[in-house]
Amino acid sequence: MMSTIPFDDDHPHEECGVYGIFGHNDAAAHTALGLHALQHRGQEAAGIVSCDGDHFHNHRGLGHVADNFGSETVIRELTGHMAVGHVRYSTAGGTVLRNVQPLFADFEFGGLAIAHNGNLTNAVTLRRQLVRRGCLFQSTSDTEVIIHLIAISLYSTVEDRVIDALRQVEGAYSLVALTKDSVIGVRDSMGIRPLVIGRLDNAHILTSETCALDIIGAEFVRDVEPGEIVVLDAQGLRSIKPFAKAPRRFCIFEYIYFARPDSLMEGISVYDVRKRIGAELARESAVDADVVIPVPDSGVPAALGYAAEAGIPFELGIIRNHYVGRTFIEPSDHIRHLGVKLKHNANTAQIAGRRVILVDDSIVRGTTSTKIVEMVRQAGAREVHMRISSPPTTHSCFYGIDTPEREKLLAARYDVQGMADLIGVDSLAFISIDGLYRAVGEERRDARRPQFCDACFTGDYPIPLTDHNDGQAKRELSVLTEGK
Ligand code: AMP
C-alpha cells in the first residue's frame with residue numbers, strides 16, 4: 001500500500017506486510033503475532049480488523065505492532081474467528097491515521113476490510129474518474145481506489161466485485177480482505193509482491209512471508225500464485241483464477257534486502273540467496289584483503305557467502321545498535337546522516353591496520369556507505385573495498401518498494417568509478433545482473449523474458465506507469481500533496 005502522492009519524494013513511498021487468518025478463536029492474537037514477525041516490512045503503523053460473523057472490530061494506530069497490540073485488553077476486544085492485519089512502512093509526515101490499514105467500509109453487501117502490500121500505478125487516474133462520479137475519498141491511499149471500485153461494481157457477489165475492481169487497476173498488489181464470512185487473498189497477475197498460504201490446525205492463513213507462519217507454529221502450504229484469488233471460509237480453501245495469465249515477475253529485491261532472511265520466497269530460502277550472491281560477488285570481483293566485514297544487518301548473509309568463497313576471515317567489524325529504526329525511515333538528508341551514526345559503530349580492534357572488504361546490500365542515495373566508509377577509515381583501515389550484493393539501483397520502484405525519485409539515486413547520476421570516488425573507497429563493485437539471477441537459481445537473465453521484476457536495476461518496468469507518465473495525474477498529485 002502506498003499513498004497516491006508517490007511523486008512527492010519528501011513523502012517517500014511505503015512498503016507493507018499483510019496477514020489474514022480464518023477459522024481460529026484467537027484470530028486477532030495470531031494476527032498480532034504474525035504482524036510482529038512482519039515488523040521489518042512496516043514500522044510506521046499497524047492495524048487489525050477482526051470479525052465474529054456479525055460484527056467487525058478494529059484497532060489501528062501509528063507505531064510498532066507491540067505498541068498497538070501489546071496489551072491483552074486491545075486483543076480481547078478484537079473478537080472473532082477471522083481477522084486481517086497490516087503493517088505499514090512509510091517515512092514522512094504524510095502519515096496520518098486515516099491512511100492506516102486495514103481500510104474498512106460498509107457496502108451494500110456488508111462490511112469489508114482491506115489490507116494491501118504493493119502500489120497501484122494508475123491510482124491517481126482512477127481516483128480522478130471516481131471523484132467525478134461522486135465518490136468521496138477519506139484518505140490519500142491508493143487502496144481506497146479499490147474500495148470505491150468494489151462499491152460501484154454492478155456484480156452481486158463480493159468475489160465478483162473484487163475481480164471487477166481489480167480488472168481496472170494496474171500495479172503490484174498482494175491483498176487480504178475480510179468479509180463477514182470469509183478472508184480473501186489476491187496476488188496481482190505478475191506476482192510482484194509475495195503472498196503465502198499457511199495452515200494451523202483447521203485455520204488457514206494468508207500472509208506476506210513465511211516467517212509470519214513460523215511465529216505461530218503454522219505450516220507453510222504454498223505461495224499464492226500470480227493472478228490467483230484464494231478464499232478462506234467455512235468450507236475451507238477455494239482458489240479462483242479469473243485473470244488472464246501474465247508472465248511471472250516476482251520482485252527480486254525481496255531476496256536482496258526486503259524480506260526477512262529466515263523466510264522462503266517462491267520456495268527459495270532468502271538467506272541462501274543472499275549467501276549465494278556473496279559467493280558470486282567474490283568470484284566476480286575478487287580483491288586481496290585481510291577481513292570481510294558486513295554492514296549489519298542487511299549485509300551479513302552476503303558477507304558470509306563472500307568470506308567463505310574468498311577464504312578471507314569474516315568479522316563483525318561494525319556493530320549495530322538495534323534500538324533505532326532503519327536509517328531509511330528518517331525524513332531528511334540532514335537527519336539521515338545522524339541516523340547512520342546512531343545506528344553503527346566501528347569495532348576498531350577488527351579494523352585497525354587491515355585491508356577491509358565491506359559488504360552491503362545496496363546503495364540508494366549513498367549516504368549510508370559514505371558514512372560507514374568514513375567510520376571504517378577513522379578506525380584505522382589500511383584499505384577499504386566495498387562490495388554490493390545488488391546491481392546498481394538506477395531506477396525508482398513504482399511497485400511498492402520505497403525508493404526515492406530517480407535524481408536522488410546515486411547510481412542514476414554516477415558510474416561505478418564515480419560512485420567509488422564519492423563514497424571514498426579504494427574499490428567498489430556490484431553483483432552483475434546475471435550473477436544475481438544465478439543466485440536465485442536461474443542460468444542468467446533472459447533479456448527477452450526476464451524471470452523477475454528487476455526494474456530498479458534495469459529500468460524494465462513490467463507494468464505500465466500510467467500516472468507517472470501522465471502530466472495531469474502528476475499535477476493532481478501535487479494538489480493532493482498541498483492538502484497534507
Ligand atoms: P542509502 O544511504 O540511501 O544509500 O541507503 C542504503 C541503505 O539503505 C542500504 O544499506 C540498505 O540496507 C538500505 N535500503 C536499501 N533499500 C531500502 C529500502 N527500499 N527501504 C529501506 N532501506 C533500504
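Worth saying up front: this structure is predicted, and the values here are computed from it rather than measured. Ligands are counted one by one from 1 in listed order, and the atoms in each one are counted from 1 as well.
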Touching ligand 1 at all, Y89? Heavy atoms, strictly under 4.0 Å? yes
Would you mind listing which atoms of ligand 1 come within a distance below 4.0 Å of any non-hydrogen atom of F253? 16 (N)
Can S369 be said to touch ligand 1, with heavy atoms closer than 4.0 Å? no
By number and element, which atoms of ligand 1 are closer than 4.0 Å to a non-hydrogen atom of I401? 19 (N)
Answer side chain, backbone, both or neither: which part of Y257 comes under 4.0 Å from ligand 1, heavy atoms only. side chain
Contact atoms of ligand 1, heavy-atom distance to D360 under 4.0 Å: 9 (C), 10 (O)
Could you tell me which atoms of ligand 1, counted from 1 in the order shown, lie closer than 4.0 angstrom to a heavy atom of D361? 9 (C), 10 (O), 11 (C), 12 (O)
Less than 4.0 Å between a side-chain N and a carboxylate O, is that true for E442 and R248? no
Nearest 0.5 Å, what's the CD1-CD1 distance between I114 and I147? 4.5 Å
Under a plain distance cut-off of 3.5 Å, with no hydrogens placed, do D467 and T125 share a side-chain donor-acceptor pair? yes
Given 3.5 Å as the limit, does a donor-acceptor pair link the side chain of E209 with the main chain of R260, or not? yes
Can you list the residues that meet the salt bridge (charged side-chain N to carboxylate O under 4.0 Å, His left out) rule with E383, with sequence neighbours excluded? none
Salt-bridge test for K343 and D297: reply yes if a basic N is under 4.0 Å from a carboxylate O, no otherwise. no
I need the full list of ring-ring contact (aromatic ring centres under 6.0 Å, His included) pairs touching residues 412-448, with sequence neighbours left out, sorted by first then second residue. Y437-F452
Give a yes/no verdict on a cation-pi contact between R387 and Y306, requiring under 6.0 Å between NZ or CZ and the six-membered ring centre and an angle within 45° of the axis. no
Going through the distances and angles, do T394 and R406 end up as a side chain to side chain donor-acceptor pair (under 3.5 Å)? CA-CA 7 Å; T394 49; R406 195 149 186 236; 5.1 Å; no
Look at ligand 1 and say whether E15 reaches it with a heavy atom at a distance under 4.0 Å. yes
In ligand 1, which numbered atoms sit nearer than 4.0 Å to a non-hydrogen atom of I363? 4 (O)
Where on T367 is there a heavy atom closer than 4.0 Å to ligand 1, on the side chain, on the backbone, on both, or on neither? both
Ligand 1 versus T368, non-hydrogen atoms closer than 4.0 Å: side chain, backbone, both, neither? both
Determine, using heavy atoms of D402 and all atoms of ligand 1, whether some pair is separated by less than 4.0 Å. yes
In terms of atom number and element, which parts of ligand 1 are under 4.0 angstrom from non-hydrogen atoms of S298? 12 (O)
Would you mind running through ligand 1 and noting each atom that sits below 4.0 Å from a heavy atom of G366? 1 (P), 3 (O), 4 (O)
